[in-house]
Amino acid sequence: MSIRVRFAPSPTGFLHVGSARTFIFNWLFARHNGGTMILRVDDTDVERNTEASESSIFDGLRWLGLGWDEEYRQSERLELHRRMANAIFAKGMAYRDFTPAHAGDDSRPAAQGAWLFHADMRSLPAAESDARAARGEPFALRFRVPREAQGEAQFHDAVYGEQAKSFVDIEDFALLRSDGMPTYHMASCADDIDLGISHIIRGQDHLTNTFKHVLIFGALGAAAPQFAHLPLLVAPDGSKLSKRKHGPVVSVTTYREAGFLPEAFINFLCLLGWSPKDDRQFMSVAEIQELFTLEGINRANAVVNFTEPPPTPDDAFDPKAVWLNGEHIRALPVEELAARLGAFLAAAGHPLDKQAMLKITPLIRERIRLLRDALAAADFFLNRELAPYDPALLVPQKGDAAMARKVLEKAREALAETEFTHDALEQALRSSAQQLGLKAGQMFSPIRVAITGRTAAPPLFGTLEALGKELTLQRIAQALQSVGASTG
């Protein structure tokens, strides 16, 4: 059987992390099985669709970098949807419902309980129905759910097993609205049939819709695709992860702007509801693709752990997501990480040339978990002027301001004559320490603070090399002024 799967977003909001996971699982299943990945924009809800939402969805999907093989828009396929709905009507498996839209389902008799159908519309003689339609009276086209015989709508779900629902519990759902527009149920099934979809992999919140879809497939004489419904993503309190309640934390854009790598984000989302069965956590996309099967999907809802409201920016994300991102950062070759960091920093207003990034990247890669961490970890590279710092930090351990001043003066003298390469810098400063009769740490500490404004910083010689001679000597001169001023 040819494997064909589809991701069918509705452009009514930004790309939700749950939707991103659905796309990823479809993509993995298609690629693992040599199948076709289809992107189908379900844009028939004209009142709710927005261009901004659609742009957000496409931006998020492109950031993931997985791609797709075919692309369709439901709004360009309306004639197909109507033709298939009318084919169901022609078989007597649907009927016209002329009930005014404002009356809705509230016109049911109170004793009837949960609304299932308008009895007078369901039993309307064909001649009268045709006559009213010919006069232009608006109507919805409803599926005639079998009610005369005991029976069930059934399907097998690859995650949740056998599913069944009695016909008597399914309402006569609309196929076409009174304005002639297809409903979600009709449009989705018509497209799935026409595009030859073999497997429908979607969120568990669609499971109840599937009983109606099985009826549509059957009415059109089409074999139903195989279904796999994914467990929901939930917040720490167990509530469904929603745009309305949880805001930016559920948007793919938030992760991208915080500096997540797409491959780390994919790795994290896959572990929400799927397991490779060997307790592995860190995986490349290629490894996940090789291991991915529907049998590995869990039934239990997956918790995204984050703090509300977050006390720090990182608390807006699941700690596992942040940890995985750090692991993926360290797994990248320096050249690749430098390119990604460079692009991120440029977008944040700190453009650096390629050579500068290649020098800086190895110095900070162990100190960052998100790309945005580079803004703090490398601030002394990014800004010509250091943020103000306490001159007391220039004083080395077991030393005083006089020692700090002596070290900085010697460093200024030695570095002015030194080639700014790692080995030459190390040799010059170690030699200077010996000449002053100081331990290496006492020599290096004031210099580190002078050039970075902090006591904890990346390795000294690499930092000096990356900063360059001019800026290094300028900062040492400024530090000398500070230590002089602090001692009067």
Name all residues meeting the side chain to side chain donor-acceptor pair (under 3.5 Å) criterion together with Glu137; count only those two or more places apart in sequence or in a different chain, and write none if there are none. Arg132
Using the test salt bridge (charged side-chain N to carboxylate O under 4.0 Å, His left out), find all partners of Glu290 that sit at least two apart in sequence or belong to another chain. none
Are the side chain of Glu287 and the backbone of Ser284 linked by a donor-acceptor contact shorter than 3.5 Å? yes
Looking just at side-chain N and O atoms, do Lys320 and Gln281 make a donor-acceptor pair shorter than 3.5 Å? yes
Which distance, rounded to the nearest 0.5 Å, do you find between the CZ of Phe381 and the CG of Asn383? 12.0 Å
Nearest 0.5 Å, please: how far is CG in Asp315 from OG1 in Thr307? 4.5 Å
Say you draw a straight line from CG of Leu467 to OG1 of Thr452; how long is it, rounded to the nearest 0.5 Å? 8.5 Å
Looking at residues at least two apart in the chain, or sitting in another chain, which of them share a side chain to side chain donor-acceptor pair (under 3.5 Å) with His156? Glu162
Between Trp274 and Phe25, does the ring centre distance come in under 6.0 Å? no
Is the backbone N or O of Pro459 less than 3.5 Å from a side-chain atom of Thr463, with the two atoms forming a donor-acceptor pair by type? yes
Is any side-chain heavy atom of Gln226 closer than 4.5 Å to one of Asp157? no
Considering all heavy atoms of both residues, which atom of Arg369 and which atom of Asp373 are nearest to each other, and what is their separation? N-OD2, 2.9 Å
Ion pair Arg77/Asp191, N-O distance below 4.0 Å: yes
Measure the CZ-OG distance between Arg96 and Ser178 for me, rounded to the nearest 0.5 Å. 14.0 Å
Donor-acceptor contact present, side-chain Thr210 to main-chain His206, <3.5 Å: yes
Find the distance between CZ (Arg256) and OG (Ser251) and round it off to the nearest 0.5 Å. 8.0 Å
Checking the side chain of His32 only, and the main-chain atoms of Gln289 only, is there a donor and an acceptor separated by less than 3.5 Å? yes
Would you confirm whether Asp97, through its side chain, and Met121, through its main-chain N or O, come within 3.5 Å as a donor-acceptor pair? no
Counting the benzene-type ring for Trp, do Phe461 and His422 have ring centres under 6.0 Å apart? yes
Would you check if Ile3 and His199 make a side-chain contact, meaning some heavy-atom pair closer than 4.5 Å? yes
Is a side-chain N or O of Asp318 found less than 3.5 angstrom from the main chain of Val304, in a donor-acceptor match? no
Mind running salt bridge (charged side-chain N to carboxylate O under 4.0 Å, His left out) on Arg454 and Asp379 for me, showing each step along the way? CA-CA 11 Å; Arg454 62 185 71 169; Asp379 61 344; 2.5 Å; yes
Does either side chain, that of Ser10 or that of Asp42, offer a donor lying less than 3.5 Å from an acceptor on the other one? no
What is the ring orientation for Phe317 with Phe260, classed by angle as parallel under 30°, tilted 30 to 60°, or perpendicular over 60°? perpendicular
Sequence neighbours left out, what passes side chain to side chain donor-acceptor pair (under 3.5 Å) with His328? Give chain and number order. Asn267
Other residues, nucleotides and ligands only: do more than 12 of their heavy atoms fall within 6.0 Å of CD on Glu71? yes
Between Ile24 and the options Ile266, Ile288, Val285, the side-chain contact (heavy atoms from CB on, under 4.5 Å) test singles out Ile266
For Phe167, is there any backbone N or O sitting under 3.5 Å from a side-chain donor or acceptor partner on Arg147? yes
Between Arg122 and Asp120, does any side-chain N to carboxylate O distance fall below 4.0 Å? no
Inspect the contact between Lys359 and Asp353 and indicate whether a charged nitrogen and a carboxylate oxygen are less than 4.0 angstrom apart. no
Does the pair Asp69/Arg31 count as a salt bridge with the N-to-O cut at 4.0 Å? yes
Before giving the answer on salt bridge (charged side-chain N to carboxylate O under 4.0 Å, His left out), spell out for Arg40 and Asp192 the whole-Å C-alpha distance, their side-chain angles and the decisive distance to 0.1 Å. CA-CA 10 Å; Arg40 188 184 76 212; Asp192 288 337; 2.8 Å; yes
Could you tell me the separation between the CG atom of Leu141 and the CD1 atom of Ile88, rounded to the nearest 0.5 Å? 8.0 Å
Quick one: do Glu171 and Lys212 make a salt bridge, cutoff under 4.0 Å? yes
Taking salt bridge (charged side-chain N to carboxylate O under 4.0 Å, His left out) as the test, write out the residues that go with Asp278, two or more places apart. Arg280
Quick one: side-chain contact (heavy atoms from CB on, under 4.5 Å) partners of Ser19, sequence neighbours excluded? Phe7, Leu15, His16
Side-chain touch Val234/Ser239, heavy atoms, less than 4.5 angstrom: no
Any heavy-atom pair between the side chains of Leu176 and Thr183 that's under 4.5 Å? no
If you measure from the Lys or Arg side-chain nitrogens to the Asp or Glu carboxylate oxygens, is any gap between Glu335 and Arg340 under 4.0 Å? no
Sidechain-backbone polar pair: Asn325 side chain, Ala321 backbone, donor-acceptor under 3.5 Å: no
Report yes or no: does Asn26 contribute a side-chain atom to a donor-acceptor pair with the main-chain N or O of Ile201 at less than 3.5 Å? yes
Return yes if some donor-acceptor pair links the side-chain N/O of Asn298 with the main-chain N/O of Ala300 below 3.5 Å, else return no. no
Side-chain heavy atoms of Phe217 within contact of His213, under 4.5 Å: yes
Can Asp172 and Tyr95 be counted as having a side-chain donor-acceptor contact under 3.5 angstrom? yes
Is the distance between the ring centroids of His229 and Tyr160 under 6.0 Å? no
With the side chain counted from C-beta on, respond yes when Trp115 and His118 share a heavy-atom pair under 4.5 Å apart, and no when they do not. yes
Any idea how Phe265 and Tyr255 line up, ring-wise: parallel (<30°), tilted (30 to 60°), or perpendicular (>60°)? tilted
Over 60° means perpendicular and under 30° means parallel, so classify the ring planes of Phe173 and His185, tilted if in between. perpendicular
